[in-house]
Amino acid sequence: MERAQRKIDHINIALRTGQQRKSGLEDVSFVHQSLPEISLDNVDFTTEIGGLTLSSPIFINAMTGGGGVETERINRELAIAARETGMAMAVGSQMGAIKDSGQEASYKVARQENPDGILIGNLGGEATVEQAKRASDMIQANAFQIHINVIQELTMPEGDRNFVGILSRIEEINKSLDVPLIVKEVGFGMSKETVEQLHSVGVSIIDVGGFGGTNFARIENERRSKVLGYFNDWGIPTAASVIEAVNVSPALSILGSGGIQNPLEMAKSLALGAKGLGVAGHFLKLHKENGLKKLIDEINYIHEDLKIIMTALGAANLPELRKTKMVITGDTFHWLTQRGIDCSAYAR
Ligand code: FNR
């Protein structure tokens with residue numbers, strides 16, 4: 001019951017605290033080119049991740065399930081939005097259903113509503129191989145996320161305090177699952193060192209889950225009496241995190257997320273090298289405030305606008321978008337320069 005109530009609290013506090021709007025993507029500017037030599041009709045943003053072909057690079061990132069009928073209703077409507085717009089969707093952590101089978105319906109509904117769609121399962125870094133297999137089978141997942149969220153757990157009053165063994169559990173799960181594994185953060189970002197550690201144990205798909213959007217330190221601080229305020233500004237902003245991650249190895253598929261809301265931020269993240277983009281809090285808010293139909297309309301607008309922006313940039317597909325020139329300024333420039341990454345490589 002405590003876990004189910006926490007799921008409801010997370011939704012309500014996430015909606016109340018909103019998005020930080022400090023992802024660092026505001027520091028990235030495209031260099032305008034006046035002769036793009038392209039027609040909008042030829043723009044295609046199909047992407048391939050872990051052998052899966054996605055008709056949209058944008059996916060609904062993990063949020064919910066495990067909180068009874070309310071979370072079942074949200075997952076049903078998110079799954080319908082995913083189906084109608086051709087997007088992949090991740091369900092929230094399935095530990096609720098692993099511990100209490102009565103919660104399974106709140107996750108399975110996503111598969112029922114979207115039998116042919118790309119659905120992604122989710123558990124935390126504490127999961128065993130057996131739990132990951134059960135969770136994956138529960139929703140006939142096409143891919144599976146393991147989230148790592150140390151700062152959230154430390155801030156959560158009832159959260160984990162022992163983080164020994166996560167990397168080796170991830171390695172085992174990656175070897176044992178028969179669907180592609182994605183390792184993700186939840187809004188604190190990943191450094192190149194973390195990405196290297198994951199790469200070294202065979203993980204090839206990483207969602208950086210950067211700082212700048214939904215802030216789980218703030219959310220958990222609202223749930224505790226003694227506030228750990230120093231975590232409220234803790235994390236690697238999304239733009240810097242994507243760039244750190246893509247520079248580790250071309251063999252990796254890096255996904256961008258954390259505070260991504262609009263088509264321009266999406267185009268920038270893809271141009272920086274992300275192969276896909278997760279959106280969580282923004283879609284949750286759109287759905288809560290405007291309902292399912294408006295959410296679907298908005299996603300369709302995002303797809304149209306992304307194609308318009310790609311046309312302006314002369315990019316007919318995502319590999320071409322990655323070749324566009326960008327200037328990186330502000331805090332993101334300083335961060336990357338100190339981290340040994342040459343920003344001028346993106347501008348020339
Ligand atoms: C989340 N997120 C999340 N992530 C995860 O891996 N498992 C989970 O169960 C949840 N639960 C969850 C609940 C709610 C209400 C929100 C808003 C988010 C984190 C999410 O997938 C994402 O990493 C962060 O929210 C950052 O992205 P946005 O929200 O800034 O787009």
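From a predicted model like this one, the values you see are computed outputs, not experimental measurements. For ligands, and for the atoms within them, numbers begin at 1 and follow the listed sequence.
- Here is the list of ligand 1 atoms found below 4.0 Å of a heavy atom in S93: 7 (N), 8 (C), 9 (O).
- Shown here are the side-chain contact (heavy atoms from CB on, under 4.5 Å) partners of D9, two or more places apart in sequence or in another chain: Q5, I13, R223.
- Any N or O atom pair closer than 3.5 Å counts here, and A280 shares at least one such pair with ligand 1.
- To the nearest 0.5 Å, atoms OG1 (T17) and CD (Q20) are separated by 8.0 Å.
- For ligand 1, the atoms closer than 4.0 angstrom to any heavy atom of G92 are 9 (O).
- Of the candidates K7, Q152, M63, it is M63 that places a heavy atom closest to atom 16 (C) of ligand 1.
- When each atom of ligand 1 is checked for a heavy atom of G281 under 4.0 Å away, the hits are 28 (P), 29 (O), 31 (O).
- Using a 4.0 Å cut-off between heavy atoms, Q19 contacts ligand 1 through its side chain alone, with no backbone atom that close.
- Set against the non-hydrogen atoms of E185, the atoms of ligand 1 under 4.0 Å away are 23 (O).
- Contact analysis puts F216 in contact with ligand 1, with a non-hydrogen atom separation below 4.0 angstrom.
- Residue Q20 places every heavy atom at 4.0 Å or more from ligand 1.
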Inset, instruction - Evaluate the criterion side-chain contact (heavy atoms from CB on, under 4.5 Å) for residue pair I148 and M190; output intermediate values, then yes/no. - result: CA-CA 10 Å; I148 42 181; M190 284 196 212; 4.0 Å; yes
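- Checking D207 against S257 by side-chain atom types alone, a donor-acceptor pair falls below 3.5 Å.
- With distances taken over non-hydrogen atoms, the option nearest atom 27 (O) of ligand 1 out of G258, G212, G213 is G258.
- Any N or O atom pair closer than 3.5 Å counts here, and T214 shares at least one such pair with ligand 1.
- A salt bridge is defined here as a Lys NZ or Arg NE, NH1 or NH2 lying under 4.0 Å from an Asp or Glu carboxylate O, and E171 with K175 meets this definition.
- Here the shortest heavy-atom distance to atom 24 (C) of ligand 1, taken over I13, V186, I146, belongs to V186.
- Scanning for ring-ring contact (aromatic ring centres under 6.0 Å, His included) contacts around H303 gives F45, with sequence neighbours left out.
- The shell of residues lying under 4.0 angstrom from ligand 1, judged by heavy atoms, excludes H282.
- Residue contacts with ligand 1 for K184 involve side-chain atoms from C-beta outward but no N, CA, C or O (heavy atoms, distance under 4.0 Å).
- Transitive grouping of hydrophobic side chains (ILVMFWY, heavy atoms separated by less than 4.5 Å) brings I260 and L313 into a common cluster.
- More than 12 non-hydrogen atoms from other residues, nucleotides or ligands lie less than 6.0 angstrom from CG of D342.
- Proximity of N122 to ligand 1, defined as any heavy-atom pair under 4.0 Å, is confined to the side chain (atoms from C-beta onward).
- Using a 4.0 Å cut-off between a side-chain N of Lys or Arg and a carboxylate O of Asp or Glu, R16 and E222 qualify as a salt bridge.
- On a distance-only criterion, G187 and ligand 1 share no N/O pair closer than 3.5 Å.
- An N or O contact shorter than 3.5 Å is missing between G209 and ligand 1 by distance.
- Within 6.0 Å of the CD atom in E193, the count of heavy atoms belonging to other residues, nucleotides or ligands exceeds 12.
- In terms of hydrophobic clustering, with Ile, Leu, Val, Met, Phe, Trp and Tyr side chains grouped at heavy-atom distances under 4.5 Å, V150 and V201 are assigned to a common cluster.
- Residue-level proximity to ligand 1 for A62 is carried by backbone and side chain together, each with a heavy atom below 4.0 angstrom.
- Grouping the Ile, Leu, Val, Met, Phe, Trp and Tyr side chains by contacts below 4.5 angstrom, directly or via other members, places V195 with F163.
- Ligand 1 is approached by G259 to a heavy-atom distance shorter than 4.0 Å.
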